[in-house]
Every structure is written in C-alpha cells, then in structure tokens.
4 protein chains.
Amino acid sequence: MMLPGARRRVRTTDSKERLFEAAMELLGSRSPEAVSVDQIAAAAGVSKGTVYYNFGSKDELVSQILEYGAGKLMHQLTQLAKDDDPYQALKSMIEFAMEFVTGYPSFAQLWMQEQLQSDKSSDFAQSPLHRQVTALLIEVLDRLVHLDQAEKLPVASTIFGAALFTARMSSTRRDDLAHEQVVRAILLTVDGLLATRPRTTN
Amino acid sequence: MMLPGARRRVRTTDSKERLFEAAMELLGSRSPEAVSVDQIAAAAGVSKGTVYYNFGSKDELVSQILEYGAGKLMHQLTQLAKDDDPYQALKSMIEFAMEFVTGYPSFAQLWMQEQLQSDKSSDFAQSPLHRQVTALLIEVLDRLVHLDQAEKLPVASTIFGAALFTARMSSTRRDDLAHEQVVRAILLTVDGLLATRPRTTN
Amino acid sequence: MMLPGARRRVRTTDSKERLFEAAMELLGSRSPEAVSVDQIAAAAGVSKGTVYYNFGSKDELVSQILEYGAGKLMHQLTQLAKDDDPYQALKSMIEFAMEFVTGYPSFAQLWMQEQLQSDKSSDFAQSPLHRQVTALLIEVLDRLVHLDQAEKLPVASTIFGAALFTARMSSTRRDDLAHEQVVRAILLTVDGLLATRPRTTN
Amino acid sequence: MMLPGARRRVRTTDSKERLFEAAMELLGSRSPEAVSVDQIAAAAGVSKGTVYYNFGSKDELVSQILEYGAGKLMHQLTQLAKDDDPYQALKSMIEFAMEFVTGYPSFAQLWMQEQLQSDKSSDFAQSPLHRQVTALLIEVLDRLVHLDQAEKLPVASTIFGAALFTARMSSTRRDDLAHEQVVRAILLTVDGLLATRPRTTN
DNA sequence: AATGAATGAGGATTCATTCAT
DNA sequence: GATGAATGAATCCTCATTCAT
C-alpha cells in the first residue's frame with residue numbers, strides 16, 4: 001500500500017542481511033534443529049515469510065552461513081600461510097582460528113555438527129573445508145619439517161581439530177591470557193614435530 | 001506356545017537393554033534432536049511406551065548413555081594412568097580413547113554436543129567429565145615434565161579435545177594404521193612438551 | 001515366591017481399602033481425568049495392576065466412591081429428616097451436608113462433575129441422588145410451610161445446590177465460625193419461605 | 001476460482017472467532033480435560049495448528065473464554081446493580097445470571113471447575129470474579145438490610161453459588177416457567193434476610 | 001492376590017513450509 | 001518485497017488397560 005511517489009528508506013538494512021546476522025547469533029550456541037525459523041525471524045525483526053522469501057528454506061539459510069564462514073576463514077588462512085617463516089605462519093593461523101571461532105561461534109558449531117552427523121564422511125577428509133584447511137596446513141608443515149606421506153594428514157587433522165574444538169570450548173572466555181595459553185598448547189604439536197623430525201632443508 | 005508369525009518378545013532380553021543399545025547405535029551418527037523416540041523404539045523392537053516405562057523421558061535415556069560412557073571411559077583411563085612410565089601412560093590413554101570412541105561413537109557425539117550447547121560452560125572445565133579427564137591428564141603430565149600452573153589446563157584440554165575430536169572424525173575408519181598415525185599425531189603435543197620443558201626429576 | 005507354610009499378615013489392610021481411601025483423597029481436589037491410575041496406586045502403596053485386580057477399571061473405582069458417598073450421605077440425611085421440628089431438621093441436614101463435604105470433598109467434587117457433564121440431565125433431577133435428596137427436602141419443607149406443587153422442586157434444588165456448592169467452596173476452611181455463618185446463610189432460604197408462605201398447620 | 005468440492009475457507013470468518021465459538025460450545029458440556037484440541041479444531045473447521053497459531057495453547061484458549069465470560073457477566077451485573085430499588089436490583093441480577101448461564105453454559109462450567117480444582121483457593125474468595133461479584137452483591141444488600149460484617153460474605157457467596165449452580169443444573173431447560181421459579185427460589189434468601197434483619201434506613 | 005512390564009491409542013505442542021494478499 | 005494466517009506432519013509424552021508370572 002505504497003503511495004505513488006513514496007520512497008522506501010534507501011538503506012533498508014536488507015532484511016536478508018538482518019536475517020543472516022540473527023541466524024549467526026542464534027546458531028552460535030544452539031544446534032540448527034534447536035533454533036526455529038520463528039526465532040530467527042523474530043530476532044531479525046521480520047516476519048517468518050521473509051525467511052522463505054529470501055532464502056527459500058531453513059537449510060539453505062544454514063548452508064549459506066556455513067559457506068560464508070568457510071570462505072572468510074579460508075581466505076584469511078591462505079594469506080597467513082604465506083608468511084616466510086612457516087612456524088610463525090602456523091602460529092598466526094592458529095591464532096586466527098581462535099579469534100575466528102570466538103567471533104563466529106556459530107560457524108564452528110555448524111561445521112562440527114555437520115562433520116559429526118553424516119556417516120558418509122568415512123574418509124575423514126570428506127568436507128571441502130576440511131580438505132582445504134588440511135591441505136594448507138600440510139603445505140606449511142612441509143616447509144618446516146620432513147614428514148612421511150602417511151602421517152601428513154593425521155598431523156594436519158589433529159592440529160585443525162584441536163584448534164577448532166579447543167577454541168570452541170573456550171570461546172566464551174574473553175580472557176586473552178587463556179587464548180594465548182591455548183594457542184601455545186596447540187602449537188606444542190608443532191614443537192613436537194620439530195623435536196622429532198628432520199627439519200626441511202630449504 | 002507361539003503361533004507362527006506371532007511377533008512377541010523372542011526372549012526377555014530386557015527391553016531396557018535393547019533400548020539402550022538401539023539408542024547408542026542411533027545416537028552414534030545423529031544428534032539427539034535428530035533421533036526420534038519412535039525410531040529408537042522401533043530399532044529396539046519395542047513399543048514407544050516402553051521407552052517411557054523404562055527411562056521416563058528421552059532426555060533421561062540420553063543422559064544415561066552419557067553417564068554410562070563417562071563411567072566406562074573414566075574407569076579405564078584411571079587404570080591406564082597408573083603406568084609407571086608417564087609417557088607410556090599417556091600413549092595408552094590416548095589409544096584407549098581412540099578405541100573407545102570407535103566403539104561408542106554415540107558417547108563422543110553426545111558429549112561434544114552437550115559441551116557445545118550451553119553458554120553456561122564458560123569456564124571451559126564445567127563438565128565433571130572434562131574436569132576428571134583433565135585432572136587425570138595433569139597428574140600424569142606432572143610426572144613427566146615441569147609445567148607452569150597456568151598452562152596445565154590448556155595443555156590437558158588440548159590433548160583431550162584433539163583426541164576426542166580427531167577420534168570422532170576418523171572413527172568410521174576401521175583402518176588400524178590410521179589409528180596408529182592419529183595416536184602418534186596427538187602424542188606430538190607431549191613430544192613438544194618434552195622438547196621444550198624441563199623434565200620432572202623424580 | 002511364598003514358602004509353603006508361610007502366612008500372610010492377617011490384617012493386610014486390604015489393598016482394596018487402601019486404594020479406595022487413596023482415591024478419595026486424590027479426587028478431593030482434582031477431577032477424575034486429572035488423576036491417573038498410577039497416582040492412585042502409588043498413593044495407596046500398591047501396584048497399578050492391583051487397581052484392576054480389585055476394581056476392574058478406573059471408572060468403576062470412581063463409581064464406587066460416588067456410590068459409597070451417596071449411600072453415606074443419604075443414610076444420615078434420612079435420619080436427620082426425622083426430627084419433629086422441621087426447621088431444626090433442615091438446619092441439621094444442612095450442617096451435616098457441610099461437614100460431609102468437608103470430610104469427603106471428593107464426593108462433592110465427583111458428584112458435581114457428573115452433574116455438569118452429561119447433556120442427558122436435561123431434566124435437572126436426573127440423578128438418583130438429586131432425586132432422593134430433593135424428595136427428602138420437600139418432605140421436610142412440606143411439614144413446615146405450604147408450597148405450590150410447581151415451586152417445590154426449584155426450592156429444594158436451590159437449597160441442595162447452595163449447600164453443596166458453598167460447602168465445597170469453603171470446604172478447605174477449618175474455621176468453624178465460617179461454617180456456622182454459611183449454614184445460617186443457606187437457612188435464609190427457609191427463613192424467606194417462612195416469611196412469605198403460610199405455615200403448614202398440622 | 002474454487003473447484004467444486006474444494007474445501008477452502010468459505011469466508012474468512014476469522015478462524016480465531018470460529019475457534020472461540022466452537023470451544024465455547026464444546027466446553028459447555030464437558031470439562032476442558034475431556035475436550036481435545038483436535039475436537040475443537042475439527043468443530044471450528046480449521047486445522048489443529050490454527051489453534052496454536054491463534055491462542056498459543058489450549059489453556060490460553062480456555063482462559064480467554066473464561067475472561068470473556070467474566071467480563072461480559074460483570075459488565076451487565078454492574079449495570080443492574082444500579083437500580084434504585086435494591087430488591088429489584090437483586091432480582092434482575094439473578095435473572096440475568098440465569099440467562100447468562102443458559103446462554104454460555106461453558107462459562108459456568110469452566111468457572112466452577114476452576115474453583116473446585118485448586119487447594120490454594122482456601123480463602124473461598126480467591127478468584128477475582130468471585131470477589132467482584134460478591135462485592136457487588138454486598139453493596140446492593142447493604143442498601144437493603146443491615147448485616148453484620150461477618151455474615152456479609154457468606155450470604156453473598158450463598159446467593160452467588162446458588163444462582164450459578166442451580167442455573168447450570170437447569171440450564172438445558174428452555175422452559176421459562178422453570179426459570180422464573182428458580183429465580184424466585186434463590187430470591188428466598190433475600191426474603192429471609194428481609195424478614196430477620198433490620199431494614200437499611202436510608 | 002498381586003505385580004510390573006509392556007502396550008498403543010490419543011493428546012498437546014512445535015515447526016518448516018505454503019500461499020493469498 | 002514482505003507478510004502473517006493457516007497447515008499438517010512429526011514429536012514427546014501420558015495413561016488406561018492387558019497379561020504372564
């Protein structure tokens with residue numbers, strides 16, 4: 001019922017964006033099944049129908065959050081991996097992962113959930129994200145120490161898993177000291193490698 | 001005196017036990033919210049009401065599985081921690097955790113889910129199980145290297161988290177080699193400690 | 001699993017009786033639909049099956065309570081109606097009704113509920129109890145004042161209803177003064193009759 | 001563009017209203033526990049979900065019916081109480097109560113049920129409605145006769161209870177004569193007062 | 001005489017989704 | 001673009017009842 005000539009607010013803060021953020025917020029502490037479309041819509045201050053208008057389905061909304069997070073995470077990790085000093089690169093990557101999970105708990109939440117659900121992931125490197133992150137880690141590790149082919153994936157996965165899980169577990173803590181300690185603890189895996197494997201001679 | 005075709009209890013294999021096992025099976029690959037009471041009852045070959053007769057509620061059934069797993073896990077870990085050689089103790093503990101998660105994927109699943117849900121667990125050592133396991137790990141670590149008070153919990157949590165998460169991720173693999181590799185990867189954290197901290201002189 | 005020769009307690013306080021009393025107690029404050037067989041059995045300290053062994057069904061148990069109460073009430077009211085002084089008779093009857101409802105709130109509860117349920121009771125004198133009580137009241141009233149045939153039932157019903165309802169409403173009060181006041185208030189109906197109708201000349 | 005035989009809403013007679021009326025109808029002769037949401041929805045010709053969309057819960061629907069009735073009843077009673085002649089006021093009030101209960105049997109049904117349930121209502125004037133109605137009655141009675149403070153509430157309660165209960169008992173009768181007789185019977189309480197108490201000299 | 005395990009029908013409620021406006 | 005009324009399938013749970021022991 002718009003009068004002709006009337007004009008909508010230019011920055012409607014697009015309902016779509018509001019929904020995205022509200023969903024991120026809510027999914028930070030609950031599983032998707034435990035968050036209803038009503039709740040998301042209410043939190044975004046729009047009607048339920050708008051969710052369907054913008055995303056088509058709840059699953060699609062969740063997927064988009066997951067994708068968005070994965071993109072953001074991978075982008076930054078890729079940058080950090082370029083550091084000339086591979087140890088420093090790993091440290092930065094882990095630090096960033098910690099920050100990221102703190103900032104987007106919903107992402108870690110969703111990603112873990114997704115990993116844990118399907119039986120299909122028998123190959124334990126199924127998901128694109130997992131594959132990408134571990135590939136990146138392996139790349140950096142290769143520049144640091146000499147690893148047998150067979151142990152590369154387990155090591156990378158361990159680092160990734162430890163970082164993700166521990167970060168998520170302690171993500172509510174605003175305590176930076178704890179963050180520091182956790183990063184160092186995860187880096188111990190790398191220290192262990194350095195102590196037991198021949199360094200990469202480059 | 002069973003008519004052919006009649007579908008009575010084949011044996012009074014205690015419906016309770018049948019339900020427990022069916023639930024364990026189903027919860028191994030899906031979150032509690034994603035498993036319905038009907039499904040559990042059907043899988044156990046009993047009626048829905050029997051679930052409520054035996055457990056009172058779905059939540060209670062889930063809790064009991066969690067408790068059962070926690071008890072079993074702690075019991076064995078406590079035994080293994082007694083090994084005179086602390087490094088060997090840690091190795092055995094991690095190995096056992098891997099096996100355990102493979103055998104009872106539902107346990108890890110449930111436990112993680114529970115951890116990830118509540119905001120309350122801000123102190124990241126809230127759950128009794130987490131507390132118990134990390135306490136045990138710290139005890140063993142103390143016999144191995146000298147750690148600052150502040151870093152004890154982060155280190156122990158990292159080991160626990162890495163083991164649990166990685167194990168869960170690769171749990172479908174029956175491949176023992178992979179298991180071995182994963183255990184070794186997790187132990188790298190300990191190797192890192194040994195390489196960077198003064199040994200406990202006992 | 002009784003050893004031969006063993007003997008049961010002589011005074012088993014008959015489970016049946018225990019059930020009856022427990023049911024009376026519970027039905028005093030809740031509608032039959034709101035009281036489960038489990039609750040009754042638990043309150044009586046017997047198993048659920050015992051209810052069915054002794055009463056056949058929940059409805060039957062409720063019916064028996066109703067019958068028991070009706071019998072007891074009618075028996076006493078009939079005695080009191082015999083008083084030579086019809087006014088005194090009415091007063092005693094109302095007093096007794098008050099006491100009765102206080103002692104057996106479940107009875108009033110059940111009886112009202114039953115009255116209110118069925119559409120059948122279109123004739124508003126359907127139930128045997130109602131018929132009996134009003135008949136008794138009319139008999140006494142006839143000895144006191146001269147009433148038109150058409151107004152007899154309404155007057156008797158009003159007294160009965162007022163007594164039952166008001167008694168039930170204030171039944172939790174242990175306060176005897178209030179009881180007295182309520183009795184007097186109900187008797188006002190009779191006073192009104194006395195003031196406006198010709199006395200029975202006997 | 002309705003295909004013949006299609007069963008869409010005939011008119012958007014607001015499902016909410018349809019549900020309200022269907023529920024009133026059904027609750028007129030049965031207790032809330034004995035009426036299922038399915039039945040209400042079916043009677044209103046809408047789906048079960050619509051009940052929850054409009055009312056949130058069964059209890060809320062029941063409460064709203066109760067409130068609606070209480071409002072309507074009190075509004076009219078308040079008007080009638082204003083009559084200059086207090087006796088006539090009381091007569092009109094009782095007459096209206098009779099009509100009201102005949103028209104909305106569900107209201108009396110629900111209200112009684114609610115009164116009879118809780119043990120909390122020990123003070124026998126707990127409910128707002130009861131309090132309001134008795135307050136109104138007392139106000140009118142005060143204009144008619146002189147009553148001791150202590151007997152006011154019992155008298156008012158008796159009138160209210162008698163009217164409500166007797167009305168409900170005979171509500172199915174369409175017979176106006178009976179109505180008249182019942183009103184007169186209840187008014188006897190007032191006649192009794194007039195005969196035994198000093199008139200208010202105003 | 002009594003039990004308690006088991007049942008299945010039924011009840012309240014939630015929720016993703018559709019659709020006319 | 002957006003809404004909100006309406007839906008119906010699915011879910012958790014209750015409960016009267018049965019029956020073998």
Side-chain angles (χ1 to χ4, degrees), chain A residues 1-2 8 12 14-16 19 32-41 46-61, chain B residues 1 8-9 12 14-16 19 32-41 44-61, chain C residues 1-2 8 12 14-16 19 32-41 46-61, chain D residues 1 8-9 12 14-16 19 32-41 44-61:
Chain A
M1 180 79 88
M2 285 263 284
R8 291 199 167 270
T12 319
D14 241 12
S15 318
K16 186 161 185 173
L19 279 166
E33 291 99 12
V35 177
S36 75
V37 174
D38 289 73
Q39 285 163 6
I40 295 171
V46 301
S47 90
K48 201 186 342 192
T50 307
V51 175
Y52 290 87
Y53 178 73
N54 283 293
F55 294 94
S57 78
K58 184 188 181 183
D59 281 355
E60 180 56 24
L61 168 53
Chain B
M1 177 84 89
R8 285 257 157 213
R9 279 156 286 147
T12 312
D14 241 18
S15 322
K16 185 161 186 176
L19 279 166
E33 291 100 12
V35 177
S36 77
V37 173
D38 292 69
Q39 284 163 9
I40 296 171
V46 301
S47 93
K48 202 182 346 185
T50 305
V51 176
Y52 291 89
Y53 178 75
N54 283 292
F55 294 95
S57 76
K58 185 186 178 181
D59 279 359
E60 180 57 23
L61 170 52
Chain C
M1 178 82 88
M2 288 263 285
R8 289 194 171 273
T12 318
D14 242 11
S15 319
K16 185 162 185 174
L19 278 167
E33 291 99 13
V35 177
S36 75
V37 174
D38 289 74
Q39 284 163 8
I40 296 171
V46 302
S47 90
K48 199 185 343 192
T50 307
V51 175
Y52 289 87
Y53 178 74
N54 282 292
F55 293 94
S57 77
K58 185 188 180 181
D59 281 355
E60 181 55 24
L61 169 54
Chain D
M1 176 83 90
R8 286 255 159 215
R9 280 156 282 148
T12 312
D14 243 17
S15 323
K16 186 162 184 173
L19 278 166
E33 292 100 10
V35 177
S36 76
V37 173
D38 292 70
Q39 284 163 8
I40 296 171
V46 301
S47 93
K48 201 180 350 182
T50 305
V51 176
Y52 290 89
Y53 178 74
N54 283 292
F55 293 96
S57 76
K58 185 186 178 182
D59 279 359
E60 181 56 23
L61 169 54

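Just so we're clear, the structure is a prediction, and the values are computed from it rather than from any experiment. Every chain is numbered from 1 and lettered A, B, ... according to where its sequence line falls, protein lines coming before strand lines. Basis for what follows: all heavy atoms, side chains included, without hydrogens, waters or symmetry-related copies.
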Between the protein and nucleotides 8-10 of chain F, which nitrogen or oxygen pairs are less than 3.5 angstrom apart?
none

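- Nucleic acid contact class of A:Asp59 (heavy atoms, under 4.0 Å, all strands): none.
- Heavy atoms only, all atoms of each residue included: A:Lys58 and A:Glu33 are closest at NZ-CA, 4.3 Å.
- Distance, D:Asn54 CG to E:dA12 C1': 16 Å, rounded to whole Å.
- If you take CD1 of B:Ile40 and C1' of F:dC13, they are 14 Å apart, rounded to a whole angstrom.
- In plain terms, the two heavy atoms of D:Ser15 and D:Thr50 that are nearest each other are CB-CG2, 3.8 Å.
- With rounding to whole Å, C:Leu19 atom CG is found 9 Å from E:dA2 atom P.
- Within 4.0 Å of A:Val46, counting heavy atoms only, lie sugar-phosphate atoms of the nucleic acid but no base atom.
- Side-chain proximity of A:Val37 to the nucleotides F:dA16, F:dC13, E:dA16 is greatest for E:dA16.
- The interatomic distance linking C:Tyr53 (OH) with F:dA20 (C1') rounds to 15 Å, in whole Å.
- Atom CD1 of A:Ile40 and atom OG of A:Ser36 lie 7.0 Å apart (nearest 0.5 Å).
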For this session: Any chance you could encode DNA chain E as dot-bracket? Rule is Watson-Crick or G-U wobble with both distances under 3.5 Å; [ ] for pairs crossing earlier ones, | for another strand.
Result: .||||||||||||||||||||
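- Between the OH atom of C:Tyr52 and the C1' atom of E:dA2 there is a distance of 15 Å, rounded to whole Å.
- Considering every non-hydrogen atom in both D:Lys16 and D:Phe55, the closest pair reads CG-CZ, 3.6 Å.
- Between A:Gln39 atom CD and A:Lys48 atom NZ the span is 11.0 Å, to the nearest 0.5 Å.
- A pairwise comparison of heavy atoms in D:Leu19 and D:Ala44 identifies CD2-CB, 3.6 Å as the closest pair.
- Straight-line distance from the CG atom of B:Leu61 to the C1' atom of F:dC12: 13 Å, rounded to whole Å.
- Separating the CD atom of A:Gln39 from the C1' atom of E:dT14 is a distance of 10 Å, rounded to the nearest angstrom.
- Across the protein-nucleic acid pair, D:Phe55 atom CZ and F:dA6 atom P stand 11 Å apart, rounded to whole Å.
- Place B:Val35 and D:Val51 on DNA chain F by their nearest nucleotides, and D:Val51 ends up nearer the 5' end.
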